[in-house]
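This report refers to the structure that appears directly beneath it.
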Amino acid sequence: MAGDTREVHQRDIGEPSNDDAQRVANEMRNQEPLLAMKLRTTHEDPEFMSTFFKASRLHFIGTWKARYQEILDSLPPPPALPPSHGCERLVFHIDMDCFFASVAVRGRPELANRPVAVCWGTSNNGSAEISSANYEARGFGIGAGMFIREARQRCPALVTVPYEFDKYSATAEDMYRTLFDFTPHVQGVSVDEAYADFTGMGEAGDLASKLRAAIKERTGGCCASIGSGPNRLIARLGTKRAKPDGHWHIAQAQAAACVAELPVSDLPVCHPPNDLHGLLYKSSWIVDLPAI
DNA sequence: ATCCTCCCCTAC
DNA sequence: TAAGGTAGGGGAGGAT
């Protein structure tokens, strides 16, 4: 079988096997106290509420702003945004690639080049929700929001690893401190995503490659993708095309043409189900919207 | 017209 | 077994 041949080949050249990767994932689970407890009621665990929030990825994401504020408080207050003098602004949208999964793979060579997904859940056919999947896993059609059961059907060799919230906080801080080294004009969006104004600081491609390299080094190997353009919306649309591990610039002059050929669903807030969802039936492409 | 409060919705 | 929280934008609708 082709798969067997590949395994033999990997062993020959000393690369970690799938077994090595699964063993590392098992060790991660074994060292996670939250998985050792397996306590589910207030009777079994008097600290049930606290345990629940400690294990919640949504709570982690939702309370990130408070931790970000501590970073802001440790820095001098940002100067006012300098005027652009009528020239177009250079706005960056920085977004870490599959953040939780890349933190998991970082420093664990056994997981490199393997399909990896982050979730609680130790059962192969459970309904634990995957919150981050690396690009190898996405190649099997695995993505955020999918239950572990379906992901395992699509890729039996998938490596599932538990959350490491403390590492996410520290890595996010590394990313933000790197960004603040470049400019004080930073707007934090979330734990793994920010906008920054680079107007008048140089050429977009050059700045982006320097910033991405600095983030990758400071975070120990986590990649950021960057979209850039004259405003936040255009920059953000550029990031979609930049991923993974890339940069895409959309200048003001190209912005209208670039955006026109995108599907309506690429716009923020235009994802069903919502109030604008009817538009998706009338038009799939942004270029057609003015005709509606 | 303007300013509120609530409430629904999105994104992360 | 799995860990669905949180902040902020914007519309509706009432009070001024």
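Letters go in sequence order (proteins before strands), and every chain restarts at 1. As the structure is a prediction and not an experimental result, all values here were calculated from the model.
At whole-Å resolution of the value, CE in A:Met49 and C1' in C:dA3 are 12 Å apart. Remark: P of C:dA7 and CG of A:Leu58 are 13 Å apart, rounded to the nearest angstrom. In this structure, A:Leu267 atom CG and B:dA11 atom P are separated by 11 Å, rounded to whole Å. Distance OH (A:Tyr195) to C1' (B:dA11): 10 Å, rounded to an integer number of Å. If you take CD1 of A:Ile130 and P of C:dG4, they are 15 Å apart, rounded to a whole angstrom. Between the P atom of B:dA11 and the CG atom of A:Asp95 lies a distance of 14 Å, rounded to the nearest Å. Atoms NZ (A:Lys240) and C1' (B:dA11) sit 11 Å apart, rounded to a whole Å. For A:Glu193 and B:dA11, the CD to P distance is 11 Å, given to the nearest whole Å.
The salt bridge (charged side-chain N to carboxylate O under 4.0 Å, His left out) search around A:Arg57 returns A:Glu129, not counting sequence neighbours. By the side-chain contact (heavy atoms from CB on, under 4.5 Å) test, A:Ala112 pairs with no residue at all, sequence neighbours left out. With sequence neighbours left out, A:Glu27 forms a salt bridge (charged side-chain N to carboxylate O under 4.0 Å, His left out) with A:Arg23. Here A:His247 pairs with nothing under the ring pair (Phe, Tyr, Trp, His ring centres under 6.0 Å) rule; sequence neighbours left out.
Shown for residues 60-75 of chain A: residues whose heavy atoms fall under 4.0 angstrom of DNA chain C, namely A:Ile61, A:Gly62, A:Thr63. Taking every heavy atom of residues 155-192 of chain A and every atom of DNA chain B, pairs under 4.0 Å involve A:Ser190, A:Asp192, by number.
Residue-level contact check: A:Arg149 touches neither bases nor backbone, having no heavy atom under 4.0 Å from any strand.
Distance CZ/A:Arg154 to CZ/A:Arg149: 13.0 Å, rounded to 0.5 Å.
Taking side-chain N and O atoms only, A:Arg57 has no distance below 4.0 Å to OP1 or OP2 of C:dG5. Considering only side-chain N and O atoms, A:His59 lies under 4.0 angstrom from the phosphate OP1 or OP2 of C:dT6.
Between A:Phe99 and A:Tyr168, the angle of the ring planes lies from 30° to 60°, which puts this pair in the tilted group.
Panel note: side chain A:Asp97, backbone A:Asp245; a donor-acceptor pair is recorded below 3.5 Å.
For A:Trp64 and A:Tyr176, the distance between ring centers is under 6.0 angstrom. Ring pair A:Phe92/A:Tyr195: centre-to-centre distance not below 6.0 Å.
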